[in-house]
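As structure tokens, the structure follows; a few thoughts come after it.
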Amino acid sequence: MKQYTLFALSLILSITCGAQTKSVSILGDSYSTFEGYLEPDTNFVWYYDGRPRNNTNVTNVEQTWWYIYLKQNGYRLEKNNSFSGSTICNTGYNREDYSRRSFLARMDNLGCPDIILIFGATNDSWANAPIGEYKYEGWTKADLYTFRPALAKLLDHMTHRYLNTTIRFILNSELKAEINESVNTICQHYGVEVVALHDIAKQGGHPSIEGMKSIAQQLK
């Protein structure tokens, strides 16, 4: 009887462990921000809780693309390290130094998730960040102020740091052709799947409620 009880407990434990909810971390920009849901909470925010703005109708976290996506799939949020206005490379708007807020600066602070969703390159495109050359090793400090080497460094580091983790890159619609080409080429080099968005409804360049729903559906 005792052996049977131990076997039953062991079976229940194995089933429970096997059915554990998958965790998701997000490395993003303004499209993935929401007040009160960012780590660290000092990151700049675009979407605010209950405070409508003239350029967006998204005012509830349940309206964000990532909340919808997590709920649809039964996933839990590990970390949302998104920073409004951030670029992948270290060059920001007006050629300012973004090395403290870039994706490169935040790539180590994502916890231990099962899935990582990188949603970026929008500000690199809008800010006209230098595109640079394709370079997959030996990056210099200067290289990381240009888009292609910075993205390669980002994916090289993350695919090695986050072992046994699924990494996907979400590519916004309506970006510059050279940004799109660069993302697809570099992600293919590192075996990272690209989800290329299309027909996203936006207000002020950012997803509206309908746009958020569309992103979640296309990602699914």
Side-chain angles (χ1 to χ4, degrees), residues 21-88 93 101-103 106-107 109-111 113-127 151 154 165-176 179-180 183-184 187 192-220:
T21 302
K22 287 187 176 181
S23 60
V24 177
S25 286
I26 301 162
L27 182 60
D29 52 30
S30 59
Y31 277 42
S32 306
T33 62
F34 197 86
E35 184 181 25
Y37 288 83
L38 302 181
E39 290 188 56
D41 61 7
T42 52
N43 288 1
F44 293 172
V45 181
W46 175 267
Y47 294 102
Y48 288 89
D49 187 14
R51 287 186 281 164
R53 300 169 54 163
N54 293 332
N55 47 9
T56 183
N57 60 358
V58 176
T59 58
N60 188 304
V61 69
E62 295 182 12
Q63 298 167 331
T64 62
W65 69 266
W66 51 268
Y67 189 100
I68 298 169
Y69 175 73
L70 295 178
K71 187 174 182 180
Q72 286 176 340
N73 290 279
Y75 297 153
R76 68 175 179 83
L77 181 64
E78 173 82 4
K79 277 197 176 187
N80 183 355
N81 194 334
S82 297
F83 196 120
S84 182
S86 62
T87 47
I88 287 177
Y93 289 90
R101 71 180 71 172
S102 69
F103 280 56
R106 295 177 286 121
M107 62 185 177
N109 189 13
L110 297 173
D114 298 296
I115 301 168
I116 294 176
L117 302 175
I118 305 171
F119 197 168
T122 297
N123 289 301
D124 297 85
S125 182
W126 291 354
L151 179 57
L154 179 79
T165 300
T166 299
I167 300 176
R168 295 192 177 97
F169 193 103
I170 306 173
L171 180 61
N172 193 14
S173 60
E174 303 173 276
L175 300 185
K176 293 161 60 176
I179 291 287
N180 295 336
V183 168
N184 283 297
C187 284
V192 172
E193 180 183 358
V194 176
V195 181
L197 302 177
H198 59 86
D199 303 315
I200 302 300
K202 300 174 183 176
Q203 293 179 333
H206 292 71
S208 61
I209 292 174
E210 288 305 312
M212 290 290 192
K213 291 177 182 177
S214 185
I215 292 172
Q217 184 58 39
Q218 291 180 40
L219 185 58
K220 184 179 180 181

Is there a donor-acceptor contact under 3.5 Å from the side chain of S23 to the main chain of L77?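 Judged by distance alone, no pair lies under 3.5 Å.
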Donor-acceptor under 3.5 Å (N80 side chain, L38 main chain):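 Not at all, since once roles are kept as given, no pair shorter than 3.5 Å links the two residues.
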Side chain proximity check, [X] to [Y], heavy atoms < 4.5 angstrom:
| X | Y | value |
| --- | --- | --- |
| V24 | L117 | yes |
| T64 | Y67 | yes |
| S173 | I200 | yes |
| M212 | Q63 | no |
| Y93 | W126 | yes |

Set of residues satisfying side-chain hydrogen bond (donor to acceptor under 3.5 Å, both in side chains) with respect to E35, sequence neighbours excluded: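 E35: side-chain hydrogen bond (donor to acceptor under 3.5 Å, both in side chains) contacts with R51.
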For K22, what residues pass the salt bridge (Lys or Arg N to Asp or Glu O under 4.0 Å) criterion, not counting sequence neighbours?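 Per chain and number, K22 pairs via salt bridge (Lys or Arg N to Asp or Glu O under 4.0 Å) with no residue.
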Only counting residues at least two apart or in another chain, list the ones meeting salt bridge (Lys or Arg N to Asp or Glu O under 4.0 Å) with K71.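 Not a single residue meets the salt bridge (Lys or Arg N to Asp or Glu O under 4.0 Å) criterion with K71.
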Applying side chain to side chain contact (heavy atoms under 4.5 Å, CB included) between L171 and each of V195, L197, N184, report the one that passes.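 Of all the options given, the one that passes is N184.
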Side chain to side chain contact (heavy atoms under 4.5 Å, CB included) partner of I170, the single match among T122, L219, I26, V194: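 Passing option: L219.
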Quick one: side chain to side chain contact (heavy atoms under 4.5 Å, CB included) partners of S208, sequence neighbours excluded?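 Per chain and number, S208 pairs via side chain to side chain contact (heavy atoms under 4.5 Å, CB included) with N57, A201, Q203, E210.
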Parallel, tilted or perpendicular: which one describes the rings of Y31 and H206, with boundaries at 30° and 60°?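 Ring orientation, 0 to 90° scale: tilted.
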Sequence neighbours left out, what passes ring pair (Phe, Tyr, Trp, His ring centres under 6.0 Å) with Y69? Give chain and number order.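 Y75.
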Under 3.5 Å, sequence neighbours excluded: what are the donor-acceptor pairs made by side chains of residues 40-47?
residue : atom : partner : partner atom : Å
N43     : ND2  : N81     : OD1          : 3.0
N43     : ND2  : S82     : O            : 3.0
Y47     : OH   : P207    : O            : 2.8

